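Sequence lines set the chain letters: A, B, ... in the order given, protein chains first and strands last, and positions in each chain run from 1. Since the model is a prediction, treat every value here as computed from it, not as a measurement.
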There are 2 protein chains.
Amino acid sequence: MRAVVVHPPAVGVELADVPLPTRSVGEIRVRVLECGVCGTDHDIVGGKYGRAPEGASYLILGHENLGVVLEGDPAVVGFSPGDLVVATVRRGCGRCRFCFANRSDFCESGGYTERGIVGAHGFMAEQYTDVPEYLVRVDPALRDVAVLLEPLSVVEKAIFQGQRVLNRKEPTPGHPPTGSPSALVAGTGAIGMLAAFVLRVRGYEVVAIDRHDDTTPAGRLLKRIGATHVNAAAGLAVLGEQGFDLVIEATGSVSLDFGLANVLGPNGVLVLTGIPDASVPPTTVAAGALWREVVLGNRAIVGSVNANRTYFESGLRDMTVFQEKWPGALAGVISLRRPLAEVADAVLEHVGGSIKTVLEVTPPRTSAPSAG
Amino acid sequence: MRAVVVHPPAVGVELADVPLPTRSVGEIRVRVLECGVCGTDHDIVGGKYGRAPEGASYLILGHENLGVVLEGDPAVVGFSPGDLVVATVRRGCGRCRFCFANRSDFCESGGYTERGIVGAHGFMAEQYTDVPEYLVRVDPALRDVAVLLEPLSVVEKAIFQGQRVLNRKEPTPGHPPTGSPSALVAGTGAIGMLAAFVLRVRGYEVVAIDRHDDTTPAGRLLKRIGATHVNAAAGLAVLGEQGFDLVIEATGSVSLDFGLANVLGPNGVLVLTGIPDASVPPTTVAAGALWREVVLGNRAIVGSVNANRTYFESGLRDMTVFQEKWPGALAGVISLRRPLAEVADAVLEHVGGSIKTVLEVTPPRTSAPSAG
């Protein structure tokens, strides 16, 4: 079958012919329809991240996925050929208390693998197989947007974790009398945009910043969902004195992380979702003032990565809410579709500012099931 | 009456004669027995912090306190002359949702005051008055250690908040099969030592670091309560590869804060309690690696300051547990007692490495109640 192949830590990506995966007992065989391209793919292609499966000479790229069931297992109920499915990404170590409970996003041993990223083949291929425990069935009404479910799951987790930390405080009698809680989203790529969607339906007043004016697709979408877009190209001072309850960092910019800690309101929580480049040169930081404000303001900085099945499921529920509230808006997060053959360009243009590029692994209108 | 007086932001401290406070309706009059001296007092005397009450030309210093009720109010039940009491420190703004519910340690408006620190007189004086809501009654069996209740309340809050953040993760089936959770305490001043006490009774394996060998009073006390003392004068590398679930920072050292983020285990939480000096020169930080580990490890950094009445009450319960478990050990945290007249020396020697210096405001054996 055709697959997008990388050889980490070598730089580069190619379309190759690889063997069809063997289906083990209890597994489901899935034809891949679409894969989203994200910053992690870009880092893997750039040689900065990723690991091939043990014993393999290559890694099939791709973790944001949507597919259709080709073939189930007679012993497995609940999946029929033609069902739309999204696979989760992380596979647990099988020995720590989180992976034991299938909460592998909090793996304590570090022995997990991630499909398309570290130690396990991904989804930029015609087919894959997996056990039902890692497959989330998707309503056909969400066909056009379901490839966004994996990045949405990351956002669902980040916001849920952020809210848990916000709620670490003693119970209080109800919401603030002064109005809705406030959130800042830094970055208007797919993670930032999806965070704005989720925060809006959670009742937050949302400000989203990037380095562009309001005429971009992101700027228009933000307006559509009732969020405020701010061009922060000149710095965070444009945000004024307002302190935010919740800040979601979705750029991975190291210097921005420090700045965002300073726009937190009292007791505010900054959730970092962007993965900074470890090779960035050391930064000079007014650390005394930074940590002083964190302590005196009861503030928190929380890292969040990956997501388990729970968050894929809450993402599906939210997608339905998005579709009802702002029909068609969510599809606007997919700013470009490209055929599989253009994978190299798709990965490169990620840097160019498209919200989300989606690779059509199975060309549209030829996706009729055929057992592999 | 005699009182320890400062004139923030002027440097210096003096013993002065000031008017006895007037008791308003509903208030209790308290004779002060003892006050602990801490880093915040040192900063106020050094002109770095603190604010006199509105309209006042001076501030009475002191927030760690123990007193005895002199005179109640006929309308107030529950307090009788001779009762031992500790006063909480922060007084709410009266308008935000936390102060409304008397959780002023999370004040959102910033309009709070703190007795002996900002905008309200403290307890290094022969007497004070306050409403019962801010007074915590203390069992006479805790007479010798109850002056530690205020710093203990800060520790109770910090650890409770840290555990809440640790518990933000999805519920898991029980404790880790591999053993107790692990905690690192950075600093063996009073906050660090009290943190070690609390963490031990919460079931943590505790490592406490400072820059001394095991022969100090702190080193001996740590051994007594089953914690491990490590001399980290040469750096954090001495801790090896172990990652900690919970790290309590109790030094306020800016450069240390960054290092401690790196000794967190997966999903670990660093709680900052030390208040760094904002005027410390900017630090150069390998921020890419720092934030990358925070994100990829689902780690969190949480600031914690002050404490509300709840934590004073949990502190009292813990003090009783400490006394049962390690008789006499808690009193060892008080390394020096001095008469009120030696306040200047007491504040200065804080820097010298004593665990906790206590000022005897009312000399022992002359503390019989006498209405003011």
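- Using a 4.5 Å heavy-atom cutoff, the side chains of A:Ile275 and B:Trp291 are not in contact.
- In this structure the side chain of B:Arg292 never reaches within 4.5 angstrom of the side chain of A:Leu272, judged on heavy atoms.
- Between chain A and the options B:Val285, B:Thr273, B:Asp257, the largest number of non-hydrogen pairs under 4.5 Å is found for B:Val285.
- Heavy atoms closer than 4.5 Å to chain B are found nowhere in A:Ser279, neither backbone nor side chain.
- Annotation: maximal heavy-atom pairing with chain A below 4.5 Å, among B:Val280, B:Val305, B:Leu270, occurs at B:Val305.
- Closest non-hydrogen pair, A:Pro276 versus B:Val295, comes out as CD-CG2, 4.4 Å.
- Between chain A and the options B:Val302, B:Ile301, B:Val294, heavy-atom pairs under 4.5 Å are most frequent for B:Ile301.
- Counting all heavy atoms, side chain and backbone alike, A:Thr284 lies closest to B:Pro282 at CG2-CB, 3.5 Å.
- No donor-acceptor distance shorter than 3.5 angstrom exists from the side chain of B:Arg299 to the backbone of A:Ser304, with no hydrogens or angles considered.
- The choice from B:Ser253, B:Ala287, B:Cys107 that makes the most heavy-atom pairs within less than 4.5 Å of chain A is B:Ala287.
- Listed options B:Val271, B:Val165, B:Val254 were ranked by heavy-atom pairs under 4.5 angstrom with chain A; first place goes to B:Val254.
- Contacts between residues 260-268 of chain B and chain A, counted as heavy-atom pairs separated by less than 4.5 Å, involve B:Pro266, B:Asn267.
- Separation of atoms CG (B:Asn298) and CG (A:Asn306) is listed at 8.0 Å; rounding is to 0.5 Å.
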